[in-house]
Number of protein chains: 2
Amino acid sequence: MQNSLLPTESDRGRNREDLREHNLSTVVGLLHRFGTLSRAQLTSSTGLNRTTISNLVAELKALGIVFESQSVGTTGVGRPSVMVSMSGDVVAFAVNTAFDATTVGVVNLLGQVLMKARRPNPANLSPVMAVQIANDLIIHLRAKLAPGTRIIGVGVAIPGQVKVAEGIVRFAPAFKWINAPFGPMLNKLSNLPVFIDNDASLGCLAERTMGSARKYKDIVYLFGGTGVGGGVVIDGKQLRGATGYASELGHVRISDSDVEDHSGLVGTLESAVRRDNLLKVLGLKAANEDELEAAILSTESQEARSEFHTQIDALGVGVANLVNIFNPQVVILSGFLASLFKFDQERLLAGFQMHSLVASQEEVVVIPGRLNANLLMIGASELPIQALIEAPSSISHMPLTKGRKKS
Amino acid sequence: MQNSLLPTESDRGRNREDLREHNLSTVVGLLHRFGTLSRAQLTSSTGLNRTTISNLVAELKALGIVFESQSVGTTGVGRPSVMVSMSGDVVAFAVNTAFDATTVGVVNLLGQVLMKARRPNPANLSPVMAVQIANDLIIHLRAKLAPGTRIIGVGVAIPGQVKVAEGIVRFAPAFKWINAPFGPMLNKLSNLPVFIDNDASLGCLAERTMGSARKYKDIVYLFGGTGVGGGVVIDGKQLRGATGYASELGHVRISDSDVEDHSGLVGTLESAVRRDNLLKVLGLKAANEDELEAAILSTESQEARSEFHTQIDALGVGVANLVNIFNPQVVILSGFLASLFKFDQERLLAGFQMHSLVASQEEVVVIPGRLNANLLMIGASELPIQALIEAPSSISHMPLTKGRKKS
DNA sequence: GTGAGTTTGTTGTTTGAATTGACAATTTAC
DNA sequence: GTAAATTGTCAATTCAAACAACAAACTCAC
């Protein structure tokens, strides 16, 4: 065999166990998206036999991932079907290490944020300190969990480029981190499986699971915060790239300008569409999302409105480029990009249409994101949840909180 | 159930038949990539049992997709393993409807082009005429096929945007076609399964299967012909987008210029990196690939070299953008883009590095394409071949050429 | 209220793809 | 020539999904 052409993981064959795991995975995935489904609905969605669904659900019940309940209300003729729901006793920790503060949340399998804790970050936050803070908050929340709660892992959202497979933060400009092994360190402290990814990519996952993009499977997502980040979902799967750095949509060069963005690249979308300029023309020192949006939508200043128009035009080019490249079903604008969108939707769409191919633009919708406060909590929790969905029986190795739950 | 959240195809469960088909598919896919493998190699690559591989190969042999032969030469200790190869009796037709001519080829499962036929296109080629010409050439070649040859379908490369699922050419600027149902028409005439896609996307597939990108599974491909087209492979799978228009990488706006490209978009990569300008500064009226490359590499004209530099700088920006977006393992430059790359590789790489993120650029290689003459023959044939790989047992429904083959 | 019709859950049986174990075949190494 | 190693083959086993038959629980028409 030519040793330069090695067979990859996808060349593996499948046996009966893989078949079973796949079907378990399919059921868990459906329940995660839909919350509660009847066994009859699972049967028709999966195309599997009644008996098989019955067995699969029984196994998931034994694993503690789902529970069954009687259907309430009328459902039509015939024997009412048993309802299957995600267990509330299975949770993931979500960590968002942002510039100003670290937030940790407890999220259940339905994407509900059960608890949250926040601690401000010190200046010059080092990776070690960041991991320590995250772990402290995890310990704090873990103590409050009901006895018998099963923890499937920790998902971490980082404002920077992440080597996903190894859990290494390759470069986080906000903290000036280079090659910080955040994942392995937090794993060692917390003794839990840790998954890390870029914050914007996780925002995209959140909108797909619980937000504006639930209906879609080909999604381009742009988030405007300090900088501009992005996420992409293709055929239901997150775009990660060879090493996990993909979907840096803010760093696409769209003009000849030599204005720098936060990573030092010139003429990029992030260099043209920027929150700091919005604050400046609005005369604001600082503002949260809602305050900024209110100011944008209410200002009468011509200077400010002119700046909005400039930024909207640049955003239109950025969106057009991404539509030409990805031909998505939907483009989600989040953060202050959603505010710009609301300020002058027509202008944005006109600019977008001017710069994208007719065919690609005709079936795409551009809409604002829906999630705000819990965006990154939900997004980060998706990482361990997706891992659970891919291999449901792995849950039997996960730790259980001390104490005994009433059965 | 919320009817706005319908379960999709990927929510289907799997049964034993799907399991079998998947394993057959895995074996065929390996053989397509590697040509010939021993049963022992198949066993270790797939992780399946010896007995299972034996059964799978026997079934594929019965389907006529593979054949077995004794291993030649020494292979080490132990009983020598039986070699398994792709059958030479199974072929696909490849159609390339280009501006000046239509080319049809016969390609076997190993990606070898067995025969080729070409006919110039008349001016103002209509879709009906194009289909007629393609079908004539198919009939011509079909008559020459050895008796007993099995035909799995037709793959068509079109210079334009294609609604892949429906086989409709949405827009082909070279022919001024709009919504031409090329696929259904050719299917009706030829009575064969027809698959259509954009030519650059198929060039990408070809380089992945038989060319420079064989080793990689995350690939960005740029082709410079009349215009600039692109193709993307993510984790071994072609990027198609929601309707099939994805990877229009030439139409990404990279500057403030208002120069139009062939689709009327301004400031795009295609508007800046253009063959016609190269020909002009070189004083050429027309040239094939090799002539153009020779002229580029040998000219002493300062005006020409200055134009090359301008185009290379634009190409550097384009490549940087794509690396930021996709984080691929490799970027393949094909057509005259490969010639520009060869003209001044350092300048291109320097420009690319200036405009891409450090992390994303550090593990990517930029290389020229390797396939030339048969690029689109191989690429187009990949469409029916991929369909066969996905569902190997479907071959039993495929037509056989008349006559009886010696068994 | 009753019975017909409909849909779902359950139980026991069947099916078939992959695996296992035992043994034969064929090579290399000494 | 014999031992060790690797591969092919056959019979038996395993087990996830499907199937068939029946029971359970509902709606609807009367």
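Numbers restart at 1 for each chain; the letters A, B, ... are given by sequence-line order, proteins then strands.
- By the salt bridge (Lys or Arg N to Asp or Glu O under 4.0 Å) test, A:R150 pairs with no residue at all, sequence neighbours left out.
- Contacts of A:R12 classified as side chain to side chain contact (heavy atoms under 4.5 Å, CB included), with partners at least two apart in sequence or in another chain: A:E9.
- If you check every strand for non-hydrogen atoms under 4.0 Å, B:T52 touches a base.
- Take A:N374 and apply the side-chain hydrogen bond (donor to acceptor under 3.5 Å, both in side chains) test, not counting sequence neighbours, and it matches A:K116.
- A 4.0 Å heavy-atom criterion places the boundary nucleotides of DNA chain D facing chain B at D:dA5 to D:dA18, written 5' to 3'.
- The salt bridge (Lys or Arg N to Asp or Glu O under 4.0 Å) search around A:D235 returns A:K217, B:K237, not counting sequence neighbours.
- Scored by the side chain to side chain contact (heavy atoms under 4.5 Å, CB included) test, A:H22 finds A:T26, B:R14 as partners (sequence neighbours excluded).
- Contacts of B:Q386 classified as side chain to side chain contact (heavy atoms under 4.5 Å, CB included), with partners at least two apart in sequence or in another chain: B:E382, B:I389.
- For the salt bridge (Lys or Arg N to Asp or Glu O under 4.0 Å) test, residues two or more places apart in sequence or in another chain that qualify with B:R39 are B:E68.
- The list of salt bridge (charged side-chain N to carboxylate O under 4.0 Å, His left out) pairs with a residue in residues 384-399 of chain A, not counting sequence neighbours, is empty.
- Shown for residues 18-26 of chain A: residues whose heavy atoms fall under 4.0 angstrom of DNA chain D, namely A:L19, A:R20, A:N23.
- Think of the region where chain B sits on DNA chain C: with heavy atoms and a 4.0 Å cut, that region ends 5' and 3' at C:dT15 to C:dT28.
- A:A206 pairs by the side chain to side chain contact (heavy atoms under 4.5 Å, CB included) definition with A:L371, A:L375, A:I378, not counting sequence neighbours.
- In this structure, the side chains of B:E21 and B:S393 come closer than 4.5 Å at one or more pairs of heavy atoms.
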